[in-house]
Amino acid sequence: MGNFPLPNLPPRAAKPRREGITMVMDKGLGPNAVSDLLSVAAPYIDFVKLGWTTALVSGVLKEKIQLYRKAGVEPYFGGTLWEAHYVRGVQADFYALLEAYDMRVVEVSDGSVEVPHELKRRWIADFRQRGYLVLSEVGSKDAAKVLPPFRWIELIQAELEAGSAWVIAEARESGTVGMYRSTGELREGLVEEIVHAIPVEKLIFEAPQRSQQAWFIRRFGSNVNLGNIAPDDILSLETMRLGLRGDTFWTFLQRE
Amino acid sequence: MGNFPLPNLPPRAAKPRREGITMVMDKGLGPNAVSDLLSVAAPYIDFVKLGWTTALVSGVLKEKIQLYRKAGVEPYFGGTLWEAHYVRGVQADFYALLEAYDMRVVEVSDGSVEVPHELKRRWIADFRQRGYLVLSEVGSKDAAKVLPPFRWIELIQAELEAGSAWVIAEARESGTVGMYRSTGELREGLVEEIVHAIPVEKLIFEAPQRSQQAWFIRRFGSNVNLGNIAPDDILSLETMRLGLRGDTFWTFLQRE
Amino acid sequence: MGNFPLPNLPPRAAKPRREGITMVMDKGLGPNAVSDLLSVAAPYIDFVKLGWTTALVSGVLKEKIQLYRKAGVEPYFGGTLWEAHYVRGVQADFYALLEAYDMRVVEVSDGSVEVPHELKRRWIADFRQRGYLVLSEVGSKDAAKVLPPFRWIELIQAELEAGSAWVIAEARESGTVGMYRSTGELREGLVEEIVHAIPVEKLIFEAPQRSQQAWFIRRFGSNVNLGNIAPDDILSLETMRLGLRGDTFWTFLQRE
């Protein structure tokens, strides 16, 4: 998966991946930029989130979706689009939308709306039953709403049981909510509590900032699942996964 | 103006807009990126500022200008280009430039030079008389120069009277001067004083940061005029105007 | 080198430049973006660093390299790629790589590995003897490793004597290590000490942030050598070199 050989690289999962997943945040790329991203980095990208509700207002959406599919990258609607349908009571329109765009992946989130968790679990089970691969998201987009670790764990476990393939830990595009303080600093204790109870390969950590990505790779290895990666940062992330950027240069090498 | 219907969205002005204007900052996009921007978001963009003096040094400038025009987006030279001509005493060259590039919009600013305001008002009136749509800008690019609210109001009123179609409140590309503190935090009291005296639809607020955009939309609604938006953020802004991103999700919905 | 005349601009070196060099950081541009960058700004770019080890994982690498060459811009592998070969004991593979990609410029760095400086000087001399133009880099990527000024000077002098055409002062992509504090603030005293001992035209200052670029231009003039410039910022930098952006507007003009 490289242009030339280099020995002693850590093993890196290949597609279709069950771990080592990279999810990219597309907040409005045009076709030339999508084509650039794919020609440079398609093998490293598993999912592309069409950020929040941008799919509603974006031009050339179908063309973009086709470009991603043809390159073996799975696009999906950001969870906020589902929430926007739910809160308006037009869930049926959302189901039709998934068919119209031939989507295979659904993100179920409650980052902007508050719903009883039982209802969210029913959504997950329902989408699963309709044949979609479900990614569900835990954590609020509101910096003021901080969940205690035991609650993160309960929610994640329940969502996995309901049918989520992976549970995404929320951080927004900025990396400043959910698992993070408003400065972007990781709540490390929270993460340690979560992975003590949940298999790390069932989690996708949103980690838009480089220092956040480096922390997860140093802690959980090359094949940690990471999300909300900016398109410009995909090659950077891949080099960090391989211990080939300053931040992780010594992570997988034995210092003699 | 969307790919699929969604009920209960706030009303959004359509082109040609008198309010709800979005002005993009282009600081050196190439033709592929311009084409991307337009194919994804042309309906949401009213003006494109060719940032400060980048028009002087940019390759393929005429091609870019044509791409914008063909898509119904009006490009114009950043006000610093006018200031650079003025300070050198070659104003006539600038008039020739406007004709050579068939410009229809002129930005008149004094962000880098100090001029008696009477002279600035004469510039505005003169460009207006030559048939241009005039955008004038108030506020210094120098963070140390803080105008009191009454002075903002005097200047804005005088410039509107002199012939400005809209007055732009300065923030730079970074959003850290003029209406903002060096941290990017808005001087809310200043803004409230200004809109108490001036109709908000005659103002374009430079608001490059997401939190700044969200504040203006929450405060003044979907159709507040915003400027210095980064090309990558146009779809994000449009979703915020429609109450479809976390920051403004509940702004236009009735919580029951 | 501009689209239209403007008098009283500071003199700007033309290619091939011995000073006034701009080195761009490419961390994974696709072909459309490379083409954009070149059509808009090729005359202002001397070198493109294929950041750290991204050349290993990037798709369409040869096509990109050809695009740069055809436009008169010299691409080279980031120094970390050399370090990654060295630390694995496969230096011979790196030499083969330089030939396979027809590289003419080599960056020799020790930002991630620690080596006796005598060895680094031998690397420089060896690459020089093999016919490459050598850029060597001083300063650690580790924010905790702060060199005193006299040590910077010793290292730079020794590397120039060993055969470096220019010595690069390290800052990373972020501008927060080496010559900079973790806030991005420049260690001005350090820079003054260095240029007291070393001709400034033999140095390339990594300066990814706008305020950093502005400082160097105000202090050392239009033709200071600057590196790690983001592709999006090339036109901005060129206008700052010419005194045509707010930050340097009065630097080259006589205030009357």
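All chains are named by letter (A, B, ...) in the order of the sequence lines, taking the proteins before the strands, and each is independently numbered beginning at 1.
- Looking at heavy atoms from C-beta onward, B/Leu253 lies in side-chain contact with A/Arg88 at the 4.5 angstrom threshold.
- Of the listed residues (B/Asp36, B/Leu6, B/Asn8), the greatest number of heavy-atom pairs within a distance under 4.5 Å of chain A belongs to B/Asp36.
- Enclosure of atom CZ in B/Arg18 is not indicated, since only 12 or fewer non-hydrogen atoms of other residues, nucleotides or ligands lie within 6.0 angstrom.
- Here the CD atom belonging to A/Glu173 is positioned 6.5 Å from the OG atom belonging to B/Ser236, to the nearest 0.5 angstrom.
- Counting heavy-atom pairs under 4.5 Å between each of B/Thr239, B/Asp232, B/Leu38 and chain A puts B/Thr239 at the top.
- The aromatic rings of B/Phe4 and A/Tyr101 lie perpendicular to each other, with more than 60° between the two planes, well past the 30° mark.
- Contact count versus chain B (heavy atoms, under 4.5 Å) is highest, among A/Pro31, A/Gly28, A/Ala96, for A/Pro31.
- Contact of B/Phe249 with chain A is made through the side chain alone, with heavy-atom distances under 4.5 Å.
- A salt bridge links B/Asp247 with A/Arg172: the closest approach of a Lys/Arg side-chain nitrogen to an acidic carboxylate oxygen falls below 4.0 angstrom.
- Only the side chain of A/Val90 has a heavy atom closer than 4.5 Å to any heavy atom of chain B.
- Across every non-hydrogen atom of B/Val40 and A/Gly30, the tightest pair is CG2-CA, 3.6 Å.
- If you tally non-hydrogen atom pairs under 4.5 Å between each of A/Leu29, A/Asn32, A/Thr53 and chain B, the highest count goes to A/Asn32.
- With a 4.5 angstrom heavy-atom cutoff, A/Glu63 does not touch chain B via any of its atoms.
- Contact check for B/Arg245 versus A/Lys27: no side-chain heavy atoms found under the 4.5 Å cut-off.
- When each of A/Ala55, A/Ser58, A/Ala100 is checked for heavy-atom pairs under 4.5 Å with chain B, A/Ser58 comes out on top.
- Between the side chain of B/Trp250 and the backbone N or O of A/Ser112 there is at least one donor-acceptor pair closer than 3.5 Å.
- Using a 4.5 Å heavy-atom threshold, the side chains of A/Thr80 and B/Leu244 count as separate.
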